[in-house]
Amino acid sequence: MIFVIAEHKDKKLKPITSELLAFAQRLSRDFSRPVTAVVLGAGVEALAGELKAKKIDRVIIADHPELSRYTPDSYVGILKSIIEQEKPFVVLVGHTTQGMDFAPRLAVSMRHPLIAGCVEYEKRGDRLILTRQVFNAKMNMKTAVRGEPPYFATASPGAFPADEVESGGNAEVVKIAVQPVAPRRKFIELTGVQKGKADLSSAPIIVSGGRGLKQKENFSLIFELAEAIGGSVGASRPVVDAEWLPREYQVGSSGQTVSPKLYIAVGISGAIQHLVGMQTARCIVAINKDAEAPIFKVAHYGIVDDLFKVVPALTKILKDLKTA
Ligand SMILES: Cc1cc2nc3c(=O)[nH]c(=O)nc-3n(C[C@H](O)[C@H](O)[C@H](O)COP(=O)(O)OP(=O)(O)OC[C@H]3O[C@@H](n4cnc5c(N)ncnc54)[C@H](O)[C@@H]3O)c2cc1C
């Protein structure tokens, strides 16, 4: 059995859940094992209904009012008892803030291996080999899991395309009774980023600006383009270091890791520390006056020209299209 631990927020499944399901469906075909999605939360029946329609075999719901807020203690306690009972082959978790928080605790508490940040896998005989990126994504490391299952794996956002999930299933939904453990941490407050500003983690379109914009005032070009295309704004580190924008806008190894459908890099050279934060974007467009800039090595489309000419022209075309 392959377990997918569903991630959700505000009564909606997060995009990483579909990515995990795509990963699980591939594993299911290769290893001939059924897929079970596990949802923990309060009032999550509707989510189970959504998952049920995917081509999977079962949905397990652990529904309890005390699970209305995520805590690692309750997740570890409940998942441990489900996993001990069900004995899955692999447990897939998102390599997200939440997944990185509870998956290592869970794996350690069960004394089973965890491979973190997986981007691919292969089947060698009957063995599962998981690939993860190391050294700022400069190298891929293939890891063979040893010992008895379950094996735990966290999947990097963007590595397994969500649109590859097969629907058309009618999975059995099993509701289990749970009694969450008393958490050792108390939830006080959730401080989210202001909506529409820098919540880049699930933004489908990001327009990022770099040092090529020369000065803070010019960043309005990026905001205008982002607005015209319906995207969020991101930035390279020098922009943040120079205090043109707050830290939450930064994309890269010491900022946010993003995986949008479209990433437009404007006046960004493409240093490795920036690339590791955005190179899994489905489509990358680079605008840079230097044809040799490393960003073009990862870009699917490139415009070699002065951004001060290109960006306003692009914004105008998009605005005209909207009003046409
Ligand atoms: C430990 C560590 C962690 C780091 N973490 C991060 C991180 O998380 N994120 C990050 O981004 N960086 C990070 N960096 C910094 C990184 O190494 C680069 O210095 C940084 O990404 C460069 O930012 P940039 O591309 O905006 O600037 P530059 O490298 O200066 O590039 C500016 C680009 O703009 C182009 N340009 C200039 N004028 C124009 C114009 N008129 N029209 C078109 N193009 C133009 C230039 O050709 C150039 O390619 C980190 C560095 C270290 C050491």
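Whatever order the structure lists them in is the order used to number ligands and atoms, beginning at 1.
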### Task
Only counting residues at least two apart or in another chain, list the ones meeting side chain to side chain donor-acceptor pair (under 3.5 Å) with K216.
none
### Message
Between K123 and D30, does any side-chain N to carboxylate O distance fall below 4.0 Å?
### Response
no
### Query
Any side-chain donor paired with an acceptor under 3.5 Å for D101 and Y70?
yes
### Ion pair K261/D163, N-O distance below 4.0 Å
no
Can you give the donor-acceptor pairs under 3.5 Å from side chains of residues 86-100 to other protein atoms, not counting sequence neighbours?
| unit_1 | atom_1 | unit_2 | atom_2 | d |
| --- | --- | --- | --- | --- |
| E86 | OE1 | R58 | NH2 | 2.6 |
| K87 | NZ | E84 | O | 2.9 |
| H95 | ND1 | G117 | N | 3.3 |
| H95 | ND1 | T154 | OG1 | 2.8 |
| T96 | OG1 | E7 | OE1 | 2.7 |
| T96 | OG1 | E7 | OE2 | 3.4 |
| T96 | OG1 | G99 | N | 3.1 |

### Message
Checking T143 now: which residues fulfil side chain to side chain donor-acceptor pair (under 3.5 Å) with it, not counting sequence neighbours?
### Response
none
### Sorted by chain and number, the residues that approach ligand 1 to under 4.0 Å with a heavy atom
G210, R211, G212, K214, S236, R237, P238, Q250, V251, G252, S253, S254, G255, G267, I268, S269, A271, Q273, H274, N288, K289, D290, D305, D306, L307, F308
